[in-house]
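Here's the structure, in structure tokens; my notes come after.
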Amino acid sequence: MSVVWDDIGGLAHAHEQFVAGDPVEADVRSSILTSWQRCRSLGLVPDSLVIPYEQDLDVEERLLRAAEPVLDRMVSVLAGARVSVILTDSQARVLLRRGGDAGLDQRLDAVRLAPGFGFAEQSAGTNGIGTALAERRPCYVFGREHFADCMQPFACAAAPVRNPLSGQVEGVLDLTCFRADADPAMLTLVRQTVAGIEQRLLEQTTDRERDLLAAFQRARRFADQPARPPDDGEATGLVAPSDDVISRFDQAILRDKAEELIASPHRTATEVTLSGGRTAVLLCREVRAPSGEVGVVVEASLPGGPARRRIAVTTPHGSAPHWESLLEPQQQEPTPDAPAVPAAQAPGTEGWLLLVGEPGVGRLALLARRRLELLHDASVRIGTTLDVTRTAEELTEVAVPRFADYATVDLPESVLRGEEPAAVGVGLRRVALGAINDGSNLFGVGDSVGFLSSTPQARCLACGQPVLEPELNEAGGWIANAPGRSGKIMMAGIHSLIAVPLIARGVILGVVCFYRSQRPGAFEEDDVSLAHELVGRAAICIDNARRFTRERTMALALQRSLLPQGLPEQNAVEVAYRYLPARAGVGGDWFDVIPLSGARVALIVGDVVGHGVHAAATMGRLRTAVHNFSALDLPPEDLLGRLDELLARLDTADPGATCLYAVYDPVTRHCTLARAGHLLPVVVLPDGTAYFPDVPAGLPLGLGGPPFEAVDLTLPEGSRLVLYTDGLIEHRSRDIDLGLEQLRTTLAARPGAPPEETCEAVLDAMLPVHPAGSYDDVALLVARTRALDPGRTVHWDIPADPAAVSRSRSAVIALLADWGLDELAFTTELIVSELVTNAIRYGVGPIGLRLLRDRALICEVSDCSSTSPRLRRARTTDEGGRGLFLVAQLADRWGTRYTANGKAIWTEQQLP
């Protein structure tokens with residue numbers, strides 16, 4: 001058991017959330033969360049529970065007689081361990097406590113986990129004893145999973161003790177220790193010990209009923225009227241009390257108890273409490289007919305000898321009895337300390353006959369009950385998740401040790417990936433192994449396994465039916481598969497095997513094997529049908545998990561293909577990012593970094609409403625549109641307006657989306673931001689000051705509305721711009737304002753941290769409970785600004801005079817010589833000549849020329865005209881139209897960027 005998550009606040013935080021009435025989003029086990037909900041519905045408060053105490057506890061002697069020898073052995077096994085063994089009755093009242101040490105005993109006394117105190121869930125909250133009793137199955141409660149504050153230092157493993165015949169819970173066995181000493185194997189030890197107690201309860205059943213036999217005999221002696229044989233024409237049977245003495249309701253109770261008595265092979269008598277506080281005695285005895293048929297009859301008697309009437313003899317199933325001639329009782333051997341029943345006393349001499357049945361029903365009823373309980377538990381415990389491996393593990397946990405001593409699940413790699421199995425029995429891998437101990441020598445989890453065609457596993461996969469090998473030492477095919485390993489397996493005591501194919505919807509997914517070693521008997525044919533049904537239920541769950549894995553894998557692959565596969569090269573900002581997919585499904589969060597003209601860069605974060613493939617596809621459409629609109633060098637507010645129109649036109653079924661678009665210019669250190677319903681970014685200055693800039697919100701994309709607005713910030717070099725989606729700060733247990741403030745505080749606490757370190761710090765602070773992801777997907781983008789060295793950029797104002805063209809060429813050639821870029825002088829001279837000439841001829845002054853040396857040589861010519869030149873192919877008769885075509889051929893990239901005062905034509909040339 002890992003204590004780390006409990007200690008760092010996962011369970012503690014979840015417990016605080018629950019007590020505060022907030023939804024719990026941490027990974028709390030479903031059984032524990034259900035128990036917490038029961039406690040809250042009862043009005044329990046974790047720090048002020050009242051543990052009830054009964055001074056004169058009515059101790060169940062029968063349970064203690066059965067349990068004490070078993071507990072003696074258990075305490076001796078645990079000698080030296082700081083573990084207390086606790087036995088309670090069926091109402092969770094502590095009967096005895098053994099083992100442990102002085103320190104543990106002192107702490108247990110302090111919390112009143114001692115004889116006489118009651119730890120039912122309705123008074124003590126979630127705990128091993130009370131929760132095992134409430135859920136009627138074994139449970140493990142660790143540390144902060146306890147509802148009460150005082151119980152959180154402990155770990156408890158508990159299991160109910162049942163009457164093996166009736167299934168009624170007689171008490172609870174619990175192991176309690178400090179959580180630092182906890183081990184999940186405690187639960188296995190509890191189960192084994194409970195099985196020993198239940199076996200002794202079965203053996204002691206006859207001992208308990210000896211006194212009842214004597215009471216029955218005394219009741220017969222005091223009967224006021226003897227029974228008489230039936231007259232001709234009467235129903236077969238003996239007389240019974242009249243309706244005014246035994247009501248029909250009481251008669252129904254007696255019949256039910258009579259059926260239980262026949263179904264219990266070790267019980268011969270019982271007492272039944274009737275209405276009015278009266279007690280009836282039922283006697284079960286074997287009788288033999290003259291024909292040799294053997295049956296079981298149940299007689300009833302009331303102390304005091306009430307008036308009787310004749311009733312019909314019936315069977316437990318209501319059919320006409322075929323024991324009409326069962327009048328000669330079978331002589332029984334007297335048991336020690338018990339009076340012998342004379343053979344001459346025929347059933348019903350002084351009582352009345354209730355029921356006739358067949359012997360052996362008890363064993364069959366017991367097996368049927370156990371199998372029904374196993375199948376019921378399988379339906380509840382298998383398939384709690386949509387994970388293939390975990391579902392296979394749940395199958396082995398259910399089967400071991402109740403049905404088998406070892407259980408294995410082998411699946412092809414294709415099934416684990418969510419695909420259809422390519423070929424039956426090919427490429428199998430051991431996915432789950434359930435074992436009562438570690439000495440089986442079976443292949444371990446993760447091992448590749450293969451089977452010869454003669455093995456039981458291969459045969460069951462070939463025919464699609466379970467295969468039974470009751471004696472493995474005689475199974476030649478199984479031994480030949482791996483002679484060395486097979487010998488070691490048999491030396492470990494494994495002697496019997498059932499191999500069952502995992503079949504769901506007509507497709508064989510793998511194979512499950514059940515082994516027995518310590519059980520006295522081998523698997524039988526009845527066990528095969530049980531194994532088949534058990535695996536059949538698990539196969540549907542595994543197939544559901546496989547299909548979910550396939551769909552999720554496809555959706556995640558689509559989403560990953562739509563997200564950036566890497567960051568582009570640019571010098572404007574230093575960038576780091578994190579993306580965490582949603583646990584609930586594929587989300588629509590996205591981010592991007594797009595280099596723009598003039599050494600600028602665009603930073604984008606967006607969030608499509610909803611989850612699933614449709615949200616991911618919409619995200620892909622938006623990201624593609626952003627790239628296309630960014631190529632037009634649109635201002636952020638205009639680009640968001642285009643996206644809004646696009647999303648409204650794409651598909652009425654498309655969900656809405658939010659987006660934040662920022663453009664940073666390393667030359668001016670200006671950052672322009674606009675947002676469409678998205679969360680505010682965080683600006684972190686080099687000195688650690690962190691704040692949310694006032695950027696107008698705007699409506700989400702796709703809803704229409706007023707135009708978007710942008711703001712312009714001047715950021716010092718080394719500032720960090722943090723963009724994120726709502727999955728980072730919004731939680732069911734945390735107000736959004738608190739999340740924003742926590743994010744700001746986290747960023748301010750690390751001035752000057754690089755983007756990678758910033759990403760890690762933010763995730764650690766904001767998502768401590770979900771290290772592998774969030775319930776909503778999370779996109780985080782951190783950009784640290786850079787400033788372009790002033791010596792790498794030059795600007796000239798150009799007069800609207802054709803003579804200025806030659807001066808511009810000369811100035812550019814001289815600058816390139818200073819920068820060591822003489823190789824680009826000729827092409828740059830031509831580009832500058834054409835662009836400046838066009839600006840003078842067609843533009844509106846003032847005219848500017850700027851050269852930047854970044855990752856490429858950038859040349860920009862600006863003017864105050866809003867008309868944009870258009871590239872065209874000049875005809876042979878045209879006198880003009882070739883200048884821009886020449887520029888496009890000489891430059892690697894070119895384009896037009898609109899500014900607040902006009903436009904700029906820019907080109908980029910790769911540096912040598």
| Are any non-hydrogen side-chain atoms of V663 and C671 less than 4.5 angstrom apart? | no
| said: Looking at every non-hydrogen atom in both residues, tell me the closest pair between C759 and R578 and how far apart they are. | reply: CB-CG, 3.8 Å
| task | Please identify each residue that fulfils ring-ring contact (aromatic ring centres under 6.0 Å, His included) with F591, with sequence neighbours left out. | result | Y577
| task | Please assess R850 against T793 for the test side chain to side chain donor-acceptor pair (under 3.5 Å), listing each intermediate value before the final yes or no. | result | CA-CA 7 Å; R850 185 173 73 161; T793 178; 4.8 Å; no
| query | Can we say R642 and E645 salt-bridge, meaning some charged N sits less than 4.0 Å from an Asp/Glu carboxylate O? | reply | no
| field | Other residues, nucleotides, ligands: >12 heavy atoms within 6.0 Å of R855 CZ | value | yes
| query | With the threshold set at 4.0 Å, does a side-chain nitrogen-carboxylate oxygen contact exist between D854 and R792? | reply | no
| said: One pair to check against side chain to side chain contact (heavy atoms under 4.5 Å, CB included): L728 and V762. What are the steps and the verdict? | reply: CA-CA 9 Å; L728 181 69; V762 168; 3.8 Å; yes
| Is the number of heavy atoms from other residues, nucleotides or ligands under 6.0 Å of D694 CG greater than 12? | no
| T689 and D687: side chain donor to acceptor below 3.5 Å | yes
| Would you say the side chains of S597 and D633 form a donor-acceptor pair under 3.5 Å? | yes
| task | Side-chain contact test, heavy atoms from C-beta onward, threshold under 4.5 Å: evaluate it for E574 versus R786 and give yes or no. | result | yes
| remark: Closest non-hydrogen contact found for R809 with E829 is CD-CG, 3.3 Å
| message | Does either side chain, that of Y579 or that of D777, offer a donor lying less than 3.5 Å from an acceptor on the other one? | response | yes
| query | Under 3.5 Å, is there a donor-acceptor pair linking the side chains of R893 and T907? | reply | no
| note | The residue among L680, L679, V722, V683 that forms side chain to side chain contact (heavy atoms under 4.5 Å, CB included) with F692 is L680
| task | May I ask you to test the Y724-L781 pair for a side-chain heavy-atom distance under 4.5 Å? | result | no
| task | Go through the steps to decide whether V861 and V832 satisfy the test side chain to side chain contact (heavy atoms under 4.5 Å, CB included), and finish with yes or no. | result | CA-CA 8 Å; V861 176; V832 169; 5.7 Å; no
| said: On a heavy-atom basis, which atom in L640 and which in A676 lie closest, and how many Å separate them? | reply: CD1-N, 3.9 Å
| task | Flag the pair R669 / Y664 as yes when at least one side-chain heavy-atom distance between them is below 4.5 Å, and no otherwise. | result | yes
| note | Residues V667 and L852: closest non-hydrogen pair is CG2-CD2, 3.3 Å
| query | Hey, are the side chains of F826 and L816 touching, using non-hydrogen atoms and a 4.5 Å cut-off? | reply | no
Using residues 703-718 as the side-chain source, report each donor-acceptor pair under 3.5 Å to any protein atom, sequence neighbours left out, with the distance given to one decimal.
residue: D712; atom: OD1; partner: T672; partner atom: OG1; Å: 2.9
residue: T714; atom: OG1; partner: H670; partner atom: NE2; Å: 3.4

| Would you call L660 and P681 a side-chain contact if the rule is heavy atoms closer than 4.5 Å? | yes
| message | If only side-chain N and O atoms count, and only distance matters, is there a donor-acceptor pair under 3.5 Å linking D726 with H678? | response | no
| Salt bridge or not for R546 and E419, using N-O below 4.0 Å? | no
